[in-house]
Amino acid sequence: MAISETQRRVHDYVRICAQQGTRPTISQAAKDTGIPRSTVARVASSLGYDGWLDFTEQMAHYYASGIDEERGVVNDSAQIIADALLGRRGFPVLVDGVGDAEICVSYLTLRLSELGMMAMPFSDGFFDARPARMQGVLIVFNESGMTLLPACVTANEHGFEVIAVTASHDTPVSKVAEVNIVIKNRKSVPQSYEPNYFAAGSIALFERVLAICSRELQRTLRVTATNR
Amino acid sequence: MESYTPLEREILQHISAHISRNEEVSLTQLSDECHVAKSSIIKVLQKLGYQGMKEFRRNLRMDAQTRANVLLPRSVTHADLDQASSALAQCFRTHADSRNFIFSGDKRCASLLAAYMSRKLAMFDILSPDSYDYAMTAKGTRPFGFAIFCFHREAGEGGHLGQQPGYGQGMLAEAKHAGYEIVVISDDAGLCCNAGADLAILIAKNSEAAIDLYMTRVLMLFELALSKLSRM
């Protein structure tokens with residue numbers, strides 16, 4: 001059964017309440033949406049929730065607990081990327097980026113090199129000079145998720161894991177990447193320019209990744225020194 | 001590349017619709033909407049590169065983080081960000097037709113920021129090459145405009161910035177002497193006060209020692225200034 005207009009209205013209402021930090025009762029929702037109370041009550045289960053309380057609680061948890069939870073999500077994402085990098089330590093880490101995100105290529109290759117990783121800018125020639133398949137990671141920064149698709153496909157074909165930072169989930173690069181992080185931005189023209197924080201956000205994310213990697217590498221060094 | 005059946009494409013359209021509305025969506029809801037089994041939804045998510053619904057949701061939530069300013073630092077400048085970005089935008093506007101430059105002294109920080117700023121200012125028809133060359137202080141055909149210096153002093157734990165005390169000061173003094181309007185963007189309060197800058201913007205300090213967000217903050221300040229410039 002497809003979602004009905006009534007379900008959509010109730011869902012939107014609860015979502016707006018959750019975004020404002022409140023959890024409406026069935027009566028409140030019925031009054032404010034003009035939908036009969038019995039119909040409102042049925043919406044929760046029809047949307048897959050275990051009743052009205054579960055519906056409003058999950059929505060409130062998702063939106064209202066926001067900052068802490070999202071901070072946790074950011075840290076989770078940083079941890080996922082760090083794990084991918086640490087798991088392939090000793091193998092090449094290629095970095096590519098276009099537009100505003102070009103700054104991330106130089107920045108990240110320098111910073112990863114400081115941690116002892118084999119980081120270098122991506123180029124097609126890299127794979128021409130090497131065996132058909134090998135381990136490694138390709139990190140791409142591509143707002144549109146289109147331009148760097150050939151690089152991602154080439155890297156995939158050669159056995160590299162692809163970590164992509166894009167401005168949307170629904171892009172070809174997102175679909176090819178093993179890990180896709182989305183940093184939303186606003187595309188605009190100089191005549192009515194909106195701040196574009198894609199590069200700023202990408203660097204902030206990778207500073208977290210680098211902090212995790214640095215911590216882990218220092219711990220490994222300490223363990224190695226102790227064992228000696 | 002994966003190929004998709006018509007049914008899978010329909011499922012993708014439903015998923016995309018939820019993403020575009022930033023909606024939390026359950027597996028049950030998706031399977032009801034698309035008239036398919038939950039396993040079919042999972043298969044499509046796996047084709048998209050996600051392990052399952054849990055990972056997909058986690059990525060959806062990442063969508064929201066920039067709005068909540070979780071990824072980006074809340075404090076960008078030590079003083080009022082609005083005022084600082086307006087002053088920077090005004091500086092760009094005043095010297096739009098002048099001989100400007102952005103100091104690109106070190107490879108790790110200043111040169112990266114300078115290249116970024118130079119490229120973006122060119123979009124606004126403001127020419128300001130990134131340079132560390134003293135020749136920039138020699139007279140040309142255009143009047144001297146602004147000279148931006150990004151001085152980063154507070155590296156994260158274990159960071160090596162390569163900016164020793166006094167770094168860039170020679171170039172700054174020459175530019176000042178030549179008649180440039182000096183803009184200093186730094187996380188060093190003493191330097192902001194004493195560098196002889198016409199516009200000194202003190203960048204906020206890092207709240208976590210291991211996470212160095214100086215570059216992120218400078219980029220945010222600059223982007224905001226560009227936005228104001230476009231409305232002048």
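In this text, all values refer to a predicted model and were calculated from it rather than measured experimentally. Sequence lines set the chain letters: A, B, ... in the order given, protein chains first and strands last, and positions in each chain run from 1.
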With only heavy atoms counted, which part of B/L229 is less than 4.5 Å from chain A, the side chain, the backbone, both or neither?
-> neither
A/E207 versus A/Y107, side-chain donor and acceptor atoms under 3.5 Å = yes
Modelled atom types, side-chain donor and acceptor of B/D212 and B/H152, under 3.5 Å = yes
Using side chain to side chain donor-acceptor pair (under 3.5 Å) as the criterion, list what pairs up with A/Y193, not counting sequence neighbours.
-> B/K120, B/E223
Kindly state whether the ring of A/F206 and the ring of A/F141 have centres lying under 6.0 angstrom apart.
-> yes
Do B/L219 and B/Y116 come within less than 4.5 Å of each other through their side chains, counting heavy atoms only?
-> yes
Which atoms of B/M123 approach chain A - backbone, side chain, both or neither, heavy atom under 4.5 Å = both
Residues in residues 87-102 of chain B near chain A [non-hydrogen atoms, under 4.5 Å] | none
Chain A contact residues among residues 75-86 of chain B, heavy-atom distance under 4.5 Å = none
A/E194/B/R231 ion pair, N-O < 4.0 Å = yes
The single option from A/V153, A/T147, A/T166, A/V162 passing side-chain contact (heavy atoms from CB on, under 4.5 Å) against A/V173 | A/T166
Residues passing the salt bridge (charged side-chain N to carboxylate O under 4.0 Å, His left out) test with B/R119, sequence neighbours excluded, are A/D100
Toward chain B, the part of A/L110 with a non-hydrogen atom under 4.5 Å | side chain
